[in-house]
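For reference, the structure I am asking about is given below.
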Amino acid sequence: MSSGTRGDGTPILETDGLQKTFGGLTAVDRVDYRLPRGDIQCLIGPNGAGKSTFFGLLTGKLRPTGGTIRYNGEDITGLMPHERVRRGISLKFQTLNIYEELRVSENLRVPCQRRDEDTRTLIEEVADLVDLTGKLDQPVDTLSYGEQQWLEIGMSIAVDPELLLLDEPTAGMTVEETERTGELIQTLVETRDMTALVVEHDIDFVRQIAEQVTVLHNGEVFRQGTIEDVAEDPEVKRIYLGEEYGGD
Amino acid sequence: MALTNVLDITGLMLSSFGTLVLAAVGLAIIFGMMRIINLAHGEFIMIGAYATAFSFSAGVPLALAIPIGGLVTGIVGLVLERLIIRHLYDRLVDSMVATWGISLIFAQGMLIIAGPSFSDVPTPLGPISYGDFSMSLYRVVLAASAIGLLIALYGIYTYTTYGRHARATMQDEETARSLGVNTDRIYMITFFIGSVMAGIAGGLLSPIVSIVPTLGQSYIIEAFVTVIVAGPSVILGTILSGFSLSVVNAPVSQWAGSFAGRVALLVAAIVIIRLLPEGISGYWMEGGE
Amino acid sequence: MSEKKPTLPGNEFLPSIVVDGLDRVFAPFNGPNTIGNSPIFWIAFLLVALVALAYPAVTTPFRVLNTTGYVVWIFLALSLTLIWGYTGIFSFGQTAFFGLGGYTFGVVAKNLVQVTGATNLALLAAVVLPAVFAVVVGYFMFYGRVSGVYVAIITLAVTLILELLFGRTAGPQYTIGAAELGGFNGMTNIPSLAFGIEPVLVELDPVPMYYFVVGLLIAGYLALRYVVNSNYGYVLIAVRENEARTEMFGYDIRKIKLQAFAIGGAMAGLSGALFASWNNFISPPVMGIVTAALPVIWVTVGGRQTILGAIFGALGLQFLDSELAAAGSEFSVVALGVILLGVILYFSDGVVPAIASRIEDRIGSSPDESVVLEESDA
Amino acid sequence: MNLFELNNVTAGYGSTPILRDVSLAVEEGDVVSLIGRNGVGKTTLMKIAIGLLSPEEGDVMFDGADVTSMGADERARAGIGYVPQGRDVFPRMTVEENLQIGAEVGGGGREKLYDEVYEYFPRLDERRDQNAGTMSGGEQQMLAIGRALVGNPDLLLLDEPSEGVQPSIVTEISERVQEINEEIGTTVLFVEQNIQFTMNASNSCYVMEKGRIVDRVSPDDADDESVIEEHITI
Amino acid sequence: MGRDNSWRNASDATLTNSRRRFLKTAAGGSVGLSAMLAGCSGNGNGNGGNGGGNGGDSETITIGDLSPRSGPNALYGTPMHNSAQLAVEEMNENGGLLGREVELVDPDPQSDTGVYQEQARRLILEDQVDVLMGGVTSASREAMRPTISENQQLYFYPALYEGGVCDEYIHLTGPTPSQQMLPLVQYMVEEFGTEVYTIAADYNFGQISARWAERYVGNEGGEIIGEEFIPLDVSDHGSTINNIQDADPDWIMSLIVGSNHVPFYSQAESSGLNKPMASTVSIGSAYEHITVDPPALESMYTAWNYMEEIPTDANEDFVSRYRERFPETEYLNQHGFSHYVSYKLYEMAVEEAGTVEMPEVNDVLESGLSISTAAGELSLDPATHHLSHNIYLAEVGEDHSINFLDTTENVEPEWLRERCSLDTESTWDDPTSEFFTDV
């Protein structure tokens, strides 16, 4: 298990006053957020807290209504998604977003061939990391749900990112699969000099991997701290369980 | 002089709007509600025109012959839906190729049945004039009928059980089904109504066109363009689209000739789609959901 | 990943040296994105190529001439397969580039043939100009985030506008050098293909023209197989399958679509140029809605996501069309419509994939066995 | 008597199992909840219940009959009301039209509960002519429940009624569900991850984790409350 | 609204052949079909692989005919198709040509230039027909022309057209505007005045015909005060009608064609546009006076080489023979007539030449042949390969009846003769460009 930050503590990602409104609804409300290099941090919050919108702004899928996003000190607010990826940001989508018509190896091939190294070696390397070595030639619909999720994680790291954004990486996984996913993410961060930001509901999983947790609520940063601090906070409990219950 | 010009262009716009909306309305329903692109739509119009012309020459008054044209086309559409179209739901491109095949069969089938020559329904009502300006009153009737059809559709889709169920199916098929809507039947009726609309359009247009087996081809492009430019909302979209395209088409035709008018119509469609990639009504509805 | 060579289906019938040889020679063209990767397939391919080469010797001049014409149109179908079948861009107006290619060839060739006697440059121009035009149209669409059926309507409108414009060019004022555009009646006396430069000239008369287009088709087929099974082919397929995912690997979707569209435009232009030279004639209806629908129909019937589908779809339906027309019955067109309907209802992925899977069942190979990662062997 | 049962249901999308050997039963007149975190398969279970998904294995019983092979529209007409996740009201239809669709479910056979719906949810009465898509999440949830209720179903299925709804309105809705059950006698099965809603509304609660039912508890019992909490919160 | 269904008539020798071929095609499967047809269609004519022309007396004479029975030009192609059958049946009833049976090979070109090209190639190269007939639009003729000229194929084109074709093996039996326009324009200027508004179809035929109209109107001291070209697929003529109303001419020169343009007349009528109209394309070709309800074409004046109503004994005889054979005929138009004349000319030339060898037959055709037809005595001009025509000037009445005003006899293709002399030269020449500039 890792503890503390490994990097020099300089932020790899910073948002200043980041804001996004849809019609009258403010989904992300002036969020100032710093992600130190080398950390694994989690983003949690009840449904509709603005987590997915926040991720959408980070990847460039959504254009912010206000505020800026800086990556390694560079303002990337106006960049296209693919330009952000080329600077080292990668995303694992919330819903499965693999190429359903293709085989496992072909799925991995698409990101792997972006790099200069020998594609086949890279595919094997990535497959090894996500435990799919024996299944490279299989069509993806023969994989279990958890394996498909791993494949997607594998595809996300195949472009060799510095910053990995994971949107609910364990949704639909069994307990064992979830645990192994946590180990995988920790291994990746430690061995590949990566930083990870994870949106997750499964609190056991958050406990397993996260150093710092940020709670979003109604589009705003509600609490930040270690998982223990946050978990004990009655206010956090309240927003999770419903106003009256928490207040009782 | 100036007034005559204004009246000329207004008349043309009415006429262009009426034709575009009539040509498009049946296709709009079928495409908007069912995501089926019916390339045999022009032939549906043709069948409506023939049925109207046959009824008319058999002595039925025009006002009655037109609904007969609609009904005959509706029945043809119904049979087609049961035999072929229902296998093509969710297969947009396949539906295009299959309906292209149907259009070949219908156009040539009508040629075999009715011969290559055209039949004629005389234009009723004569001219209206003001000073130097005069135009066919029937043109005004066409534009009014186009609006009338859209109002009728609005009525059907607002005040009938079928209409509510159809809109519900279009907005959320799964939820509609889970509320007891037999969506298969809704699709069938929708195709029927789209066909009836095409047939009525053919009947309404029959006095101002030559009724020939290849009639459909002259309408399919205009209909297709109007529907796609319209975007997701069937009734509002068709009105806006017909209006925008005729606003471009009419003055250009008047000042630079029919050729330029036609090119202008296509260019306008391209520009609108580029600026509003979800069609006109897509832009209007944005933020609604 | 194992180093063991994957088993190719069908090799149990063949001596291993043949299997290895075929495997090695055709490795760059093999892959899961194309139908037929086994030694047996390649033997059949070579046999078909031989039959195609021998064809002029065993048939009538009319058949040679006509078959040349069919093959010429295949390139249009292939252009659609590349951009629609593999990249997912549904163009309903490939004929715009076909027509532009044909007219460009006509104009350049008619002028050039008086100087050099050859049409080399005309062919080149007829490929380049449509490609440039495709870049313009493609930039307009893809950088404006136009997609799906909206692409279909824009491309259709473009080809219809071109048809209208070229139909308007009757009269001497529409003459470019020695070439009269000819309006609706079309441009006549377009020179046949001739290569070289005075006095060393090879004019492609019917039979050489046949060999030229068939050779070009074989080369084009192999080239397309190479492309779609290469890294680049995977990018195209990735764009077709899931744009959002592919973009998040750092690919510029708009640029990739634009590139594919331009290549498709060039291929359609080539098709048009070959058509104009083979036919010595081109007229605006080649850009009309009826012709615009043809490649869509061919490709859908043959099988959208396979190269062979485009080839056999175009070949088969043109042949059928011609024989039905020759039969002279007024029911010919009806029969064609019925056949289209039947294919759509019973072979939803197209005829060629259906036949291929039947053959695969027959020789007992499983699709899982085909090669996946051979590109690094090449 | 059990009004509704799932027996040994295994299901998923494609080859991916989401539910593994799930069985549950709802007694007539009861309010039963099923609680679990995001992604454990709650919505899949509800879709199997109404018939929008077919189970790979197992069967679905309603009112003593095997309805496994019936489509969703048939089950709705047989007396199951369904409130989908995220409400899924028809956004470009008015409140009244949404309710009409629900009312037409059973044809002329069943009593229509317009009055009751407007009584339980007076906000809907105020907004009869408003397009459903323009209402707040809570109002949409009320409408979705009203839409399912107006046709007077025997069984009401609710998929995450608290999702995206303001806390104060969550309370209101949970109270209404109780009242509906008590006053009209409608049997209710709902899935939730909001513990407060579950506690308020249901008499008994299944706990689900990773596609399996792991526990069945009664929310009235204080010990069980902490059991649920453990499954659902941080 | 009838058409002939005679293809079903199995006793018809010439037709059973095409029907048989259709059945073979339908039954043939896919792979073997090509080879089978390649073999069969050659043998079926008894001259497969024989090289141009037929040698022995026992063999049949084959006529290739391209008359569209589907698509937008079926209106013109169907009467042509009928004429072809009538002519061939009459030849065979009279013991054939040179004592040999005449066989008609008649694919359906479907009004599609691509199909025209392909079927022309098939007829010329595969069926090796002794003569090729047909084609409706100039576009269809131009599409076939490279193949025809390359193979030196004897060919007859029957439709009225803009003029300008001058080709060794091509003979043109329909009229050109230069032949029809003079008597018509003279009459109109005299009767109605000098200010003319021209509307024309927006393609080669309409544009060139409009130039002719301008020239003849100018010669008569008139003036074109407005001119408008309408695309073939435009059927809403509102803007045109507005423009004519604004210009207020004395009369309208109408050169519009095709089914989309016909509604102009009823649209004009219902818009209150009541101007006298002149046309060299309406009435005799698409018989608008029959298909459009009266009185939309009232006070339309027209000049034709042939109309069904021509009141001569010879025509009465021709019409009754034709209608007896094809009772459902709606109107016997110029295409039907001129196509029949083509067959008769060919028959004459072959009988005189004593062979079907094309150069010999062509020589006879170039010898100044004269032929007696339903529309009078016509002669084939050796220099231009165009027929001289008797031009009938007619007026359409309120009930759409035809009233003949005047006949100008023996109008020769004079203008073209100044440029084209096929009797002395026989080079491929395409005078289209000069044609435009000269007119």
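Labels below follow one simple rule: chain letters A, B, ... track the order of the sequence lines, proteins then strands, and each chain is numbered from 1.
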Residues Asp236(E) and Ser15(B): side-chain donor-acceptor under 3.5 angstrom: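 Distance-only check passes for Asp236(E) and Ser15(B).
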N/O donor-acceptor pair under 3.5 Å between Gln267(E) side chain and Ile208(B) backbone: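 Yes; judged by distance alone, with no hydrogens or angles, the pair exists.
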Between OG on residue Ser210(B) and CZ on residue Phe264(E), distance to nearest 0.5 Å: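 Rounded to the nearest 0.5 Å, the OG-CZ separation comes out at 13.0 Å.
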Thr240(E), part contacting chain B, at a heavy-atom distance under 4.5 Å: side chain
Side-chain touch Tyr138(B)/Ser270(E), heavy atoms, less than 4.5 angstrom: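 A side-chain contact under 4.5 Å is absent here.
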Pairs where residues 196-206 of chain E contributes a residue and the test salt bridge (charged side-chain N to carboxylate O under 4.0 Å, His left out) is met, not counting sequence neighbours: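 As it turns out, the salt bridge (charged side-chain N to carboxylate O under 4.0 Å, His left out) pairs with a partner in residues 196-206 of chain E, which skip direct neighbours, are Arg168(C)-Asp202(E).
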Ser218(B) versus chain E, the contacting section by heavy-atom distance below 4.5 Å: side chain
Nearest-0.5 Å distance, CD of residue Gln108(B) to CD of residue Gln110(E): 7.5 Å
Distance in Å, Tyr219(B) OH paired with Ser235(E) OG, rounded so as to fall on 0.5 Å steps: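 Atom-to-atom, Tyr219(B):OH and Ser235(E):OG are 4.0 Å apart.
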Contact leader toward chain B among Asn243(E), Ile290(E), Asp248(E), Asn73(E), where contacts are heavy-atom pairs under 4.5 Å: Asn243(E)
Largest heavy-atom contact set with chain B, pairs under 4.5 Å, which of Ala74(E), Ala296(E), Ser266(E), Pro263(E):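 Most pairs with chain B among the choices: Pro263(E).
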Pro72(E) side chain near Thr214(B) side chain, heavy-atom distance below 4.5 Å: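 Yes, at least one pair of side-chain atoms sits under 4.5 Å.
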Gap separating the CZ atom of Arg262(B) from the CD1 atom of Ile230(E), nearest 0.5 angstrom: 13.0 Å
